[in-house]
Amino acid sequence: MRPDPLANLGKCQTLMDFPADFIRFLTSAARVVVLTGAGVSQESGLRTFRDAQTGLWAQYKPEDLASPEAFARDPKLVWDWYAWRREAIKGVRPNPGHYALVEMEKRIPQFTLITQNVDGLHRFAGNQNVLELHGNIQRVRCAECRTFTETWGDDTEAVPTCLVCGGMLRPDVVWFGEALPRVELEAAVNASRTAHVYFSIGTSGVVQPAASLAYAARNKGSVVVEINAEPTPLTPKVDFAFHGKSGEILPQLVRAAWRN
Ligand code: OAD
């Protein structure tokens, strides 16, 4: 018997009714771009940025834990918050939505996955062409000379320092008020402008500049698709909107599009 090429998506049933013209656009597209946000990791058990602030951390505003000003004011507080979050995602695994995007990448000639998530789950699942617009919480670099490091001491009193220049270490994520990494952003804009099909998945679509990518795609004639638990400001502008959990809709979509 021929092995099922989509076997690792599990035995999901196709409950969604995907319009035939949408499936045709997708299966004939040479260039597909997917932008993901926190909603895609929700079914892996990860809370969104604001929801993640529980217990001890609930007393702080996000800007007090994730901004250059916060780091300058109280570097140890910021370091500890990220150390806590790194610890919290250690056992977290990709969900069927992540794996469906891996299957999609295998079937599309030019596939670009742009993510606002810092959890690294898309690469963990197996996606290859991933642009991490907001960085990656697992990477640590020097706040001064930007040298990356994979090991640091466990001093409980102070923020660990860089072996090269002695500067303080920080997570390689984009903080409030910081610019996005230039190379990734340029690649994301270029991919969006030339996409035949553009997906916005699990993102509220309100944080710039990521939110504007859908409009860049739409203005150049892409078919724009939204998959989200609920309607967003982008919904009235898209060609197709599917509301529900991405971990359920994406595997069904991949099966519906490529089951033969
Ligand atoms: P948000 O928390 O703003 O939005 C998450 C979206 O996911 C919401 O629209 C939910 O309806 C949707 N959602 C939740 N569960 C879902 C599920 N199972 N399936 C599908 N959709 C689901 O997160 P982002 O849009 O990613 O920036 O936020 C963007 C940026 O704002 C973050 O990267 C972060 C934050 O401030 C930085 O840290 C720089």
Side-chain angles (χ1 to χ4, degrees), residues 12 15-16 34-54 57 60-71 78 81-82 84-86 88-89 92-101 104 113-122 125 130-139 170-182 184-185 188 198-215 225-238 240-254:
C12 66
L15 303 171
M16 299 271 316
V34 173
L35 171 73
T36 64
V40 168
S41 295
Q42 188 264 342
E43 288 154 88
S44 291
L46 276 184
R47 292 154 179 255
T48 60
F49 185 81
R50 284 172 182 77
D51 291 346
Q53 284 174 254
T54 54
W57 303 105
Y60 300 102
K61 294 203 293 273
E63 298 78 2
D64 293 340
L65 297 169
S67 67
E69 295 77 21
F71 192 61
V78 174
W81 154 244
Y82 280 95
W84 181 82
R85 288 183 65 196
R86 264 197 304 275
I89 68 168
V92 170
R93 294 290 174 263
N95 65 59
H98 291 106
Y99 289 117
L101 292 173
M104 199 186 278
L113 203 164
I114 307 165
T115 188
Q116 300 166 90
N117 299 341
V118 297
D119 53 37
L121 287 177
H122 288 300
V130 181
L131 299 171
E132 291 177 324
L133 279 191
H134 292 169
N136 188 314
I137 199 174
Q138 303 289 5
R139 274 195 315 261
R170 57 162 285 179
D172 188 33
V173 298
V174 176
W175 283 335
F176 292 104
E178 288 187 319
L180 268 60
R182 195 173 52 85
E184 278 80 357
L185 181 58
Y198 177 98
F199 284 90
S200 176
I201 309 178
T203 172
S204 52
V206 292
V207 178
Q208 296 294 356
S212 66
L213 295 173
Y215 296 90
V225 187
E226 177 175 71
I227 298 176
N228 200 299
E230 55 192 36
T232 72
L234 181 66
T235 310
K237 310 279 183 207
V238 302
F240 299 96
F242 303 102
H243 292 131
K245 294 182 172 187
S246 54
E248 293 172 4
I249 295 176
L250 281 169
Q252 292 182 44
L253 171 58
V254 171

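Numbering of ligands and ligand atoms starts at 1, following listing order.
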Are any of the N or O atoms of A38 closer than 3.5 Å to those of ligand 1? yes
Under the criterion side chain to side chain contact (heavy atoms under 4.5 Å, CB included), I'd like the reasoning laid out for L234 against N228: C-alpha separation, chi angles, the key distance, then a yes or no. CA-CA 10 Å; L234 181 66; N228 200 299; over 6 Å; no
Enumerate the atoms of ligand 1 whose separation from the nearest heavy atom of G244 is less than 4.0 angstrom. 19 (N), 20 (C)
Can you list the ligand 1 atoms lying under 4.0 Å from a non-hydrogen atom of G202? 5 (C), 6 (C), 7 (O), 21 (N)
Within the 4.0 Å heavy-atom shell around E43, which atoms of ligand 1 are there? 17 (C), 18 (N), 19 (N)
So, does N95 use its side chain to make a donor-acceptor pair with the main chain of V40 at under 3.5 Å? yes
Within a distance under 4.0 Å of any heavy atom of G37, pick out the atoms of ligand 1 and give their elements. 26 (O)
Ignoring hydrogens, just give me the one of T115, T203, N228 whose non-hydrogen atom is nearest atom 12 (C) of ligand 1. N228
By the definition side chain to side chain donor-acceptor pair (under 3.5 Å), identify the one residue from H122, H98, Q116 that meets it with T36. H122
Say whether P62 and ligand 1 are in contact under the criterion: heavy-atom distance to a ligand atom below 4.0 Å. no
Okay, side chain of N136, backbone of Q138: is any donor-acceptor separation there less than 3.5 Å? yes
Is it true that a side-chain atom of E248 and a backbone atom of Q252 form a donor plus acceptor pair closer than 3.5 Å? no
With side chain to side chain contact (heavy atoms under 4.5 Å, CB included) as the test, would you mind laying out the steps for L65 and W84 before giving the verdict? CA-CA 12 Å; L65 297 169; W84 181 82; over 6 Å; no
For D64 and A70, which heavy atoms make the closest approach, and how far apart are they? O-CB, 3.2 Å
Does E132 offer a backbone N or O that forms a donor-acceptor pair with the side chain of T115 under 3.5 Å? no
Report yes if A229 has an N/O atom closer than 3.5 Å to an N/O atom of ligand 1; otherwise report no. yes
Quick check on contacts: which atoms of ligand 1 are under 4.0 angstrom from a heavy atom of Q42? 15 (N), 17 (C), 18 (N)
Under 3.5 Å: N/O of T232 near N/O of ligand 1: no
Go through ligand 1 atom by atom and flag the ones less than 4.0 Å from a non-hydrogen atom of E230. 11 (O)
Is S41 reaching over with its side chain to a backbone N or O of A38, donor-acceptor style, under 3.5 angstrom? no
Subset of ligand 1 atoms that lie under 4.0 Å from at least one heavy atom of V174: 39 (C)
Show the atoms of ligand 1 that are less than 4.0 angstrom away from any heavy atom in F176. 36 (O)
